[in-house]
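The block underneath contains the structure these notes are about, expressed in structure tokens.
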Amino acid sequence: MSESVTSGAGAGWDRKRCTILQRRMVQYRTTLFERLRDELDGRNIDLRVVYGQPSPNDAKRNDARHLSWGDEVEARWFTVRGTELLWQPCPPDARKADLVILQQENKILSNLPHLLRRAVGSAKLGYWGHGRNLQSTDPDGLSERMKATLITQVDWWFAYTEQTRELLHADRYPDERITVLDNAIDNDSFVADLAAVGDERLDELRRRIDLVPDGSLAVYCGSLYPDKRLDLLLDVARRVHEQDPSFRLVVMGDGPSRAEVEAFTEAHPWAHWVGMQTGVDKAAWFRLAKVYLSPGAVGLHVLDAFTAGVPMFTTTTALHGPEICYLENGVNGYVLEPDPALFAKTVADVLADPDRLRSLVDAGRRSAERYTLANMLTSFADGIEAAIATPRLR
């Protein structure tokens with residue numbers, strides 16, 4: 001490490017600067033950036049976060065937030081042949097930082113000037129991303145080939161998970177310039193919310209959905225859109241209920257597929273859509289639940305499952321985020337073939353076997369201790385410090 005990096009916050013004049021560019025700000029990132037700013041300040045590094053507004057599709061998720069000290073710029077979204085593209089300006093002084101970290105997404109056209117400036121000796125660049133578009137239906141198409149070409153055009157990689165590291169290895173990016181973040185959310189807040197749920201609240205919710213004492217409740221929590229395979233979720237729940245009439249389903253979330261869920265719950269009184277839930281309201285449903293059904297794309301909500309002790313069930317063929325690698329089939333949850341009968345039978349069998357369920361819960365809690373925001377924060381700060389101190393990749 002150079003002296004300017006390790007000399008302490010009191011040095012003042014030799015402080016380093018890092019800029020992180022985000023195409024939008026969401027609630028679960030504000031806590032990360034607040035804590036990262038404080039951590040880097042103690043390492044003599046100033047953090048600046050530049051972000052824009054959500055795309056028309058992202059806006060439907062209703063999860064945009066504001067970072068009080070961040071730089072919110074005007075995002076310019078436009079659509080070409082059905083693909084949303086973004087041009088997001090960056091203040092000139094922000095792009096002159098010692099390290100600029102970009103989101104690795106082809107849709108962000110404004111990344112290209114940063115890559116060009118790096119080629120002529122401008123600020124060092126880092127990528128923060130998955131390594132691939134894991135939701136792509138054409139992994140060998142032009143878009144993914146372009147992404148693979150640009151992977152090596154940055155000086156440091158902030159990889160979401162170990163899966164991302166493996167993808168970077170395949171593209172021959174040097175391992176010593178990869179920081180694995182183990183992408184996470186603020187589990188501590190969720191733990192506190194879970195602990196804050198009292199018996200009276202649990203009894204109230206049981207009465208609301210007619211759940212018998214110690215009855216089997218499955219939850220889904222997340223955005224409602226086609227990649228979440230809500231059709232399979234509802235089919236599986238129906239099949240489990242046929243085997244056990246006391247079984248209940250609660251769906252938390254909102255999005256473009258909301259009407260599909262509402263129609264199902266209106267026709268099946270044992271199933272309930274409760275809208276978006278946060279804080280203690282969300283935690284209360286998790287306290288009641290025994291399993292978490294998420295047959296479609298899995299992302300950070302797997303950490304909610306681990307933290308609450310509610311094993312997650314998903315499928316092998318969904319367009320998962322990189323966090324799917326946290327889920328170990330048969331150990332801390334299940335990753336099943338997308339066959340409704342098989343899926344439902346596995347869920348029903350686990351619910352009928354207390355020892356099997358307890359084993360899954362215990363393993364999930366151990367996973368929750370590993371994938372924490374605190375660990376992610378430390379890794380992020382270590383990586384930023386190392387990237388600033390390390391010569392450019394040539």
Side-chain angles (χ1 to χ4, degrees), residues 135 205 209-212 214-275 277 282 285-286 288-299 301-302 304-306 308-321 323-324 326-354 356-357 359-361 364:
Q135 279 74 45
L205 294 183
I209 63 173
D210 192 27
L211 180 69
V212 299
D214 200 36
S216 294
L217 169 64
V219 293
Y220 168 87
C221 182
S223 298
L224 307 180
Y225 60 97
D227 283 350
K228 291 296 187 175
R229 290 300 312 276
L230 300 173
D231 57 335
L232 183 55
L233 165 70
L234 301 176
D235 189 6
V236 166
R238 179 184 58 78
R239 291 168 183 264
V240 176
H241 183 262
E242 287 175 352
Q243 297 182 57
D244 176 10
S246 68
F247 172 83
R248 299 290 182 266
L249 172 70
V250 165
V251 176
M252 294 175 269
D254 205 343
S257 297
R258 168 180 166 179
E260 176 185 354
V261 176
E262 286 188 298
F264 184 89
T265 56
E266 288 173 3
H268 301 84
W270 51 268
H272 305 266
W273 173 71
V274 295
Q277 301 286 296
K282 168 184 163 181
W285 289 116
F286 273 88
L288 276 185
K290 289 190 176 180
V291 292
Y292 185 156
L293 307 185
S294 185
V298 166
H301 281 299
V302 68
D304 286 340
F306 292 154
V310 182
M312 177 179 279
F313 292 69
T314 189
T315 60
T316 57
T317 57
L319 299 176
H320 295 301
E323 296 83 9
I324 187 62
Y326 303 164
L327 200 59
E328 301 174 67
N329 186 41
V331 178
N332 57 13
Y334 278 89
V335 185
L336 304 164
E337 293 300 317
D339 175 86
L342 171 64
F343 199 122
K345 182 180 185 303
T346 305
V347 172
D349 288 349
V350 169
L351 289 173
D353 187 339
R356 189 173 171 187
L357 182 60
S359 177
L360 293 168
V361 170

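All values below were derived from every heavy atom in this structure, side-chain atoms included, with hydrogens, water molecules and symmetry-related copies excluded. For this chain, numbers begin at 1 and follow the sequence in order.
Of the listed residues (L351, V240, L211), just one forms a side chain to side chain contact (heavy atoms under 4.5 Å, CB included) with S216, and that residue is L351. Of the listed residues (L232, D339, V236), just one forms a side chain to side chain contact (heavy atoms under 4.5 Å, CB included) with T315, and that residue is L232.
Nearest approach of V302 to M312, heavy atoms of both residues: CA-CE, 3.6 Å. Closest approach of E260 and L234 over heavy atoms only: O-CD1, 4.2 Å. Nearest heavy-atom pair, L360 versus P311, reported as atom, atom and distance to 0.1 Å: CB-CG, 3.6 Å. Residue G222 comes nearest to H301 through the heavy atom pair CA-NE2, 3.7 Å, listed as atom of the first residue, atom of the second, then distance. When all heavy atoms of L224 and G253 are compared, the closest pair comes out as CD1-O, 3.6 Å.
No donor-acceptor pair under 3.5 Å is formed between the side chain of R239 and the backbone N or O of K345. Proximity of a side-chain donor or acceptor of D353 to a complementary backbone N or O of D349 within less than 3.5 Å is not detected. A donor-acceptor pair under 3.5 Å links the side-chain atoms of H272 to the main chain of P269, judged by distance alone. Under the 3.5 Å distance criterion, the side-chain polar atoms of N332 are matched with a main-chain donor or acceptor of Y326.
Rounding to the nearest 0.5 angstrom, the gap separating the CH2 atom in W285 from the CE atom in M252 is 8.0 Å. The CG atom of L288 sits 6.0 Å away from the CG atom of L217 when rounded to the nearest 0.5 Å. Rounded to the nearest 0.5 Å, atoms CG (D231) and CZ (F264) are 11.0 Å apart. Here the CD1 atom belonging to I324 is positioned 11.5 Å from the CG atom belonging to L319, to the nearest 0.5 angstrom.
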Exercise answer: donor-acceptor pairs, residues 289-299 side-chain atoms, under 3.5 Å, sequence neighbours excluded:
residue : atom : partner : partner atom : Å
K290    : NZ   : D214    : O            : 2.9
K290    : NZ   : D214    : OD1          : 3.4
Y292    : OH   : C221    : O            : 2.6

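Take F313 and apply the ring pair (Phe, Tyr, Trp, His ring centres under 6.0 Å) test, not counting sequence neighbours, and it matches Y334. For Y220, there are no ring pair (Phe, Tyr, Trp, His ring centres under 6.0 Å) partners at least two apart in sequence or on another chain.
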The test is side chain to side chain contact (heavy atoms under 4.5 Å, CB included); show your working for K282 and D304 and say whether it passes. CA-CA 10 Å; K282 168 184 163 181; D304 286 340; 2.7 Å; yes
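Ion pair R229/D227 not flagged as a salt bridge, since none of the NZ, NE, NH1 or NH2 atoms sits closer than 4.0 Å to an Asp/Glu carboxylate oxygen.
Ring orientation note: the planes of H268 and W270 are nearly perpendicular, at an angle over 60° on the 30°/60° scale.
Residues K228 and L233 form no side-chain contact, since every pair of their non-hydrogen atoms from C-beta on lies 4.5 Å or further apart. The closest side-chain heavy-atom distance from V250 to F286 is not below 4.5 Å.
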